[in-house]
Amino acid sequence: LKSTYIDSLPLMMDNKGRIHTSYQQNIAATGRLSSVDPNLQNIPARSELGRQIKQCFVAPKGWTLLACDYSQIELRLAAHLSQDKAMIEIFSEGQDFHTATAQRVYGVKPEEITKEMRTFAKTINFGILYGMGAVSLARNLKISRTEAQEFLAKYRAAYPELHEYMESLKQFARQHGYAQTEYGRIRDLSHIDIRNPRNQSLLERIAVNMPIQGLQADIIKLAMIQIDAKLSQYDDIHMILQVHDELVFEVKQDKVEEYQTLI
């Protein structure tokens, strides 16, 4: 934290006290934008010191920072792409997805879900999207491999269409040597020699993750283009940062609600 942020950021300010990041289009293979020199997509917020560093980022007098993000976009995209009935039902009814997953995996009523159960379910929900297997899940949750396999089996039973969809993505990548998003962004995988079992699991992880994370990257870029077209005529709001599924704006204080609705 000291070397990356506290020592470095003050040296990067311009004469108006501003820090400017650069966005690279071609670092992340999924199509995500990568913030460099400095990386402002990765300001730590978990530790107390990290939160103090975050408080150093302020808007000018009379302005405020407005952050708008997508809610659980990758899980929603997984529901859309797989057309999994249970997932669609959870989102359509506005339920908390992690609680609903815990309910299905543990086979208990919503009021019986503990904080720990929800955390476990959250880890599995996001882990599945990154192609996480029993070994990684066991390591992350600090449980045995057998328990992790049981969790995964219950998860597949809870969301059967999602499981079928992900298996079809792996099959497609093995056959065609690439993965793609719904908008047509392609990630070449033909260089991965799948005769090696370790490489095969790498290919499968990418095959599952690329269509979802890549589509999320496509969607926020389209949002940025459309928002910019709408906002370019105004001088009391600026789009200043993109953090994967979140956009940060600098807005005149009396215009926040107006622009919030537009965005």
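This chain uses plain numbering: 1 for the first residue, then up along the sequence. The shown structure was predicted, so the numbers you read here are calculated from the model rather than taken from an experiment.
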Take D218 and T181 through the test side chain to side chain donor-acceptor pair (under 3.5 Å) and record every step on the way to the result.
CA-CA 8 Å; D218 294 340; T181 72; 2.9 Å; yes

Neighbour count above 12 (heavy atom, 6.0 Å) for R145 CZ:
no

Would you call the rings of F97 and F91 parallel, tilted or perpendicular, where under 30° means parallel and over 60° means perpendicular?
parallel

Is the shortest side-chain N to carboxylate O distance from K122 to E116 below 4.0 Å?
no

Side chain to side chain donor-acceptor pair (under 3.5 Å) between Y70 and E246, worked out:
CA-CA 7 Å; Y70 287 109; E246 175 183 52; over 6 Å; no

Is there a side chain to side chain donor-acceptor pair (under 3.5 Å) between T123 and N140? Walk through the geometry before answering.
CA-CA 8 Å; T123 303; N140 277 2; over 6 Å; no

Is there side-chain contact between D236 and Y259, with at least one heavy-atom pair below 4.5 Å?
yes

Show, in sequence, the C-alpha distance, side-chain angles and deciding distance for R195 and D193, and conclude whether the salt bridge (Lys or Arg N to Asp or Glu O under 4.0 Å) test is met.
CA-CA 6 Å; R195 288 171 298 188; D193 180 5; 2.9 Å; yes

Please determine if K252 and E258 form a salt bridge, counting it only when a charged side-chain N lies under 4.0 Å from a carboxylate O.
no

Would you say CD of Q175 has more than 12 non-hydrogen atoms from neighbouring residues, nucleotides or ligands within 6.0 angstrom?
yes

Parallel under 30°, tilted from 30 to 60°, perpendicular over 60°: which one fits the rings of F151 and Y106?
perpendicular

Do F120 and H98 have ring centres separated by under 6.0 Å?
no

